[in-house]
There are 2 protein chains.
Amino acid sequence: MLSAIMEDYLKAIYSLQNETDGRVRTSVLAEYIDVEQSTVTSMMKKLSERDFVQYEPYKGVELTDTGVPIALEIIRHHRLLERYLTDHLEYDWAEVHDEADRLEHHISSKFADRIAEQLGQPAVDPHGDPIPTADLDVSGAKDGERLADHQVGDSVQIVRVPDTDPDLLRYLSKHGIHPGTVVDVVEIAPFGMVTLDPDNGDGPVALPEEVARSISTQSLTQSSH
Amino acid sequence: MLSAIMEDYLKAIYSLQNETDGRVRTSVLAEYIDVEQSTVTSMMKKLSERDFVQYEPYKGVELTDTGVPIALEIIRHHRLLERYLTDHLEYDWAEVHDEADRLEHHISSKFADRIAEQLGQPAVDPHGDPIPTADLDVSGAKDGERLADHQVGDSVQIVRVPDTDPDLLRYLSKHGIHPGTVVDVVEIAPFGMVTLDPDNGDGPVALPEEVARSISTQSLTQSSH
DNA sequence: GAAAAGAATTAGACATGGCTAAATTTATAA
DNA sequence: TTATAAATTTAGCCATGTCTAATTCTTTTC
């Protein structure tokens, strides 16, 4: 029906669309998937011919109503697999991404539904990313504030961390930071460094501001902006 | 490293080599994989260039010492997945083959080892086919007598059934025949029909001789030949 | 608002894994 | 043993997904 590569493009467009709100530009997609822009252009032609995307030359691309559920299905597969690998097969959360990225294209919906059942229909994956339901509902996926948005003194709960950088994940894990961890923001240095104090007694953790911007949080005190 | 398609060729050569003992002919491989002979020829050139097979034009092909472990690894993946799908994800044994046939190329060795651990290092898959160990040992894989070799009156235990025909598997399952089932051979009709009486009280089951030849057995009485 | 810079597309090439049709080698039979 | 049949390989084409280089839009900037 659809090649694994085409599925990857649809998944990428979906993610970028949700980040940037609106049409996704060729250059952004090329960077994200790590191919040349010309490769993206020719793929967009194929995908729009088959009505998975609405593509306007020089203007960018967005998913059609046909494309969205396909992207969501792949994302569901990916996140269920990540959950399964950590919970049932004793994988470390830093190593699940690559395995899931391959398998997501090859498991059947039945396989996905069965592991969802085994896991008790989990709502999020090990990095805190919401798992679309079997009927591809993602209404619970509000993506609010970021760690970088807070002030010194705020107490916040970690909600999501990015899943693609194993080194970062190992670092966070070593310092006891996971979705659910409550941390105090103890310092925000002017040169772009945020220091946290997790409530697990492991001592303070410093993060570059760029990383702090990629971590989603939930305020526990009122001073967030 | 090696494409899923190339892996399929190596797996096919391994299986055919074990059935026919010796070089595998182009035509046989083409039939097995379901491509044209010319396609096989060109693939054999590529595989022999990379030293996975020893290929002699017009004479056939066989796996090299480099090719064998790759084939065994894929077979290990396939059979572990089949076992996993039936035992842990409630698949019917008639539907595991296709899912395993896709996934076998995409799971890592780590994934395979983890599910093997979960399953308690099983020796055979749901159809009775032996699962190579993690160090690719298949010494337990003696393939002895077939159901078609027996005489009326023999009592035999089913050891392996072919895994590729879902209809046959559903039929056997419906009549309570699995690896391990003990059956009496009650009739061998001259027009090629074998009738069995399983020890589960479900009444007699008739099988075409061709099917009976594809089922491996273990004698419980002495009259087999 | 014209020129320069930046983005995006087109043109043309390559590798993979298929196919059909033609040529060649091997096997079989008269 | 020679002609015919069968099996196999070669030649040449196609689709997919990628690349580089050249061209054509768009957007800035002066």
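Each chain gets a letter, A, B and so on, in the order the sequences are listed, and its residues count up from 1.
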Any side-chain heavy-atom pair of A:Pro122 and A:Ile131 under 4.5 Å: yes
The correct set of residues in residues 46-60 of chain B placing a heavy atom under 4.0 Å from DNA chain C is B:Lys46, B:Tyr58
Would you call A:Lys45-A:Glu49 a salt bridge at under 4.0 Å N-O? no
Intermediate values then yes/no, salt bridge (Lys or Arg N to Asp or Glu O under 4.0 Å), B:Arg170 and B:Asp167: CA-CA 5 Å; B:Arg170 267 185 280 272; B:Asp167 288 333; 3.8 Å; yes
Please report, rounded to the nearest Å, how far the P atom of C:dA15 is from the CE atom of B:Met6. 13 Å
Counting the atoms with a prime plus P, OP1 and OP2 as sugar-phosphate, which does A:Met44 contact under 4.0 Å by heavy atoms, base, sugar-phosphate, or nothing? nothing
Please check the phosphate of D:dA7 (OP1 and OP2 only) for any side-chain N or O of B:Arg25 closer than 4.0 Å. no
Separation of B:Glu7 atom CD from C:dG17 atom P, in whole Å? 11 Å
What is the distance, rounded to the nearest whole Å, between atom CZ of A:Arg23 and atom P of D:dT26? 13 Å
Sugar-phosphate only, base, or nothing, as touched by B:Ser42 at under 4.0 Å among non-hydrogen atoms: nothing
Under-4.0 Å side-chain N/O to phosphate OP1/OP2 contact, A:Lys45 with C:dT9: no
Rounded to the nearest angstrom, tell me the gap between atom NE2 in A:His105 and atom P in D:dG17. 12 Å
Give me the atom names and distance for the closest heavy-atom approach of B:Pro69 to B:Leu136. O-CD1, 3.5 Å
A:Lys11/A:Glu104 ion pair, N-O < 4.0 Å: yes
In whole angstrom, what separates B:Leu10's CG from C:dG17's C1'? 15 Å
May I ask you to check whether B:His78 and B:His97 place their ring centres under 6.0 Å from each other? yes
Would you call B:Glu99 and A:Lys110 a salt bridge, using N to O less than 4.0 angstrom? no
Sorted by number, the residues of residues 26-39 of chain A with heavy-atom contact under 4.0 Å to DNA chain C: A:Thr26, A:Ser27, A:Gln37, A:Ser38
Which nucleotide in D:dT10, D:dG17, C:dA8 has an atom nearest any side-chain atom of A:Thr41: C:dA8
I'd like to know if B:Arg160 and B:Asp129 make a salt bridge, using a cut-off of under 4.0 Å between side-chain N and carboxylate O. yes
Whole-Å gap separating C1' (D:dT10) and CE (B:Met43): 17 Å
SB check B:Asp135 B:Arg76 (cutoff 4.0 Å): no
